[in-house]
Amino acid sequence: MINKIVFENVSHSFANKKIFENFSIELDAGKIIAITGANGSGKSTFLKLAGQFIKPDTGKIIAFDDGKIIDKINLRKKISAVAPNMNLYSELTAFENIKFFVGLRDIVLNDTDEFFKRVELDIETKNKSVKNFSTGMIQRLKFLILLAIDSDVWILDEPCSNLDDSGKNIFLKEIKNSAQIGKLILMATNERDEAKIANEIISLPIH
């Protein structure tokens, strides 16, 4: 289980613009950590750095699994994400998308009905092509895949975008429950309802 992710004196620039400079913080499991800030402040960059999908210009990002340092390959095996740039396969059915993405983690799901119920997607949509889904349904399906993979670390970039109030309530409840059982939730957001459930808020300034 991932215990924490630590930023040590991290500096990073994007397009010749300084985003972080000598930034240090510990991100502990069992917490919802909201990353807030205006557009261009580096919220998505923060998430990519935390997941070690990109390297900082200087400094270190260290992940601990049961108290032991792990490398970025093993860290990524313990991360799942919901983000606007996460694409599903529109020509596949909902079930085929689920099977594909969980299969990348060597997970075999014999029954997905429980997950459809948790995100309040009609069971009948299981065998429908995703190209016929609304944006809200697609967001629910992304979250369903996240739940099915059940990773230690959730990286959420504007997780409630395109959702109605019912969908938002479902997601926020699942996020809170997952933090309570020890997951580390990193959530980039400027939505008040999302930030409200956070245990910690990291507010990023524009440099």
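Counting begins at 1 with the first residue of the sequence.
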A63 and Q52 have their tightest heavy-atom pair at N-NE2, 4.1 Å
Discussion item. For the NZ atom on K126, are there more than 12 heavy atoms of other groups (residues, nucleotides or ligands in this structure) within a distance under 6.0 Å?
Written reply: yes
| request: Decide yes or no for I79 and S151: does some side-chain heavy atom of the first lie under 4.5 Å from some side-chain heavy atom of the second? | output: no
d(L92 CG, I98 CD1) to nearest 0.5 Å is 11.5 Å
Residues pairing under side chain to side chain donor-acceptor pair (under 3.5 Å) where one sits in residues 23-36, two or more places apart or in two chains, turn out to be K4-E26, N9-S24, K31-E200
Legend entry - Carboxylate-amine/guanidinium contact K128 E124, below 4.0 Å: no
- Where the side chain of T93 meets the backbone of E96, is there a donor-acceptor pair that is under 3.5 Å apart? yes
*Do K176 and I32 come within less than 4.5 Å of each other through their side chains, counting heavy atoms only?*
yes
- After noting the C-alpha distance and the side-chain angles of L141 and V130, does the key distance pass the side-chain contact (heavy atoms from CB on, under 4.5 Å) rule? CA-CA 9 Å; L141 183 55; V130 170; 3.8 Å; yes
Original post:
Is the number of heavy atoms from other residues, nucleotides or ligands within 6.0 Å of NZ (K99) greater than 12?
Top reply: no
On a heavy-atom basis, the closest approach of L75 and A50 is CD2-O, 3.8 Å
Compare all side-chain heavy atoms of I61 with those of P56 and state whether any distance is below 4.5 angstrom.
-> yes
Contacts under 3.5 angstrom, residues 152-165 side chains, donor-acceptor by atom type, not counting sequence neighbours:
| from | atom 1 | to | atom 2 | distance (Å) |
| --- | --- | --- | --- | --- |
| D152 | OD2 | I2 | N | 3.0 |
| D157 | OD2 | S44 | OG | 2.7 |
| S161 | OG | E158 | O | 3.0 |
| D164 | OD1 | R140 | NH2 | 3.1 |
| D164 | OD1 | S166 | N | 3.4 |
| D164 | OD1 | G167 | N | 2.8 |

Heavy-atom closest pair (S178 atom, I185 atom, distance to 0.1 Å) is CB-CD1, 4.3 Å
Q.
Looking at A83, is its backbone amide N or carbonyl O close enough to the side chain of K142 to form a donor-acceptor pair, meaning the two atoms are under 3.5 Å apart?
A. yes
Once the angle between the rings of F7 and F23 is folded into 0 to 90°, is it parallel (under 30°), tilted (30 to 60°) or perpendicular (over 60°)? perpendicular
Please tell me whether F133 and Y89 are part of a single hydrophobic cluster in this structure, the criterion being side-chain heavy atoms less than 4.5 Å apart.
yes
Considering only heavy atoms from C-beta outward, does the side chain of I175 approach that of E194 to under 4.5 Å?
-> no
dist I145:CD1 -> T112:OG1 (nearest 0.5 Å) comes out at 10.5 Å
Tell me, do L27 and L184 make a side-chain contact under 4.5 Å, heavy atoms counted? yes
### Query
If Ile, Leu, Val, Met, Phe, Trp and Tyr residues are connected whenever their side-chain heavy atoms lie under 4.5 Å apart, and connections chain through other members, are V102 and V108 in the same group?
no
Note: L204 and S41 closest approach over all heavy atoms is O-CB, 3.5 Å
Exercise. side-chain contact (heavy atoms from CB on, under 4.5 Å) between V6 and F64: does it pass, once the steps are laid out?
Worked result: CA-CA 8 Å; V6 179; F64 293 86; 3.7 Å; yes
Please determine whether residues M137 and F95 belong to a single hydrophobic cluster, defined as Ile, Leu, Val, Met, Phe, Trp and Tyr linked transitively by side-chain heavy-atom distances below 4.5 Å. no
dist L146:CG -> S80:OG (nearest 0.5 Å) comes out at 5.0 Å
Spell out, as yes or no, whether a donor-acceptor pair under 3.5 Å connects the side chain of D65 to the backbone of I70.
-> no
One should read off an interatomic distance between K173 NZ and R118 CZ, to the nearest 0.5 angstrom, of 9.5 Å
- Query: Would a distance-only check, ignoring hydrogens and angles, find a side-chain to backbone donor-acceptor pair under 3.5 Å from N97 to L88?
  - Reply: no
So do H12 and I54 actually touch side chain to side chain, heavy atoms under 4.5 Å?
yes
Cluster overlap F116 with I107, hydrophobic side-chain contacts below 4.5 Å: yes
| query | Does S129 use its side chain to pair, donor to acceptor, with the backbone of S90 at less than 3.5 Å? | reply | yes
Quiz prompt | Under 3.5 Å: donor-acceptor pair, side chain of K183, backbone of G30 | solution = no
>> Donor-acceptor check, side chain of R105 to backbone of K77, threshold 3.5 angstrom: yes or no?
In response: yes
In this structure, CD1 of I73 is separated from NZ of K78 (nearest 0.5 Å) by 14.0 Å
Rounding to 0.5 Å, atoms OG1 (T189) and CD1 (I197) come to a distance of 9.0 Å
Correct closest heavy-atom pair for F20 and G42 would be CZ-O, 3.8 Å
If we only count heavy atoms from C-beta on, is the I33 to M187 side-chain gap below 4.5 Å?
no
Do you reckon L144 sits in the same ILVMFWY cluster as L104, going by side-chain contacts under 4.5 Å, direct or chained? yes
| request: Would you indicate whether the side-chain heavy atoms of L121 and F115 approach each other to under 4.5 Å? | output: no
D71 side-chain N/O to N74 backbone N/O, donor-acceptor pair under 3.5 Å: yes
Scanning both residues in full, the closest heavy-atom pair of A34 with A195 reads CB-CA, 4.3 Å
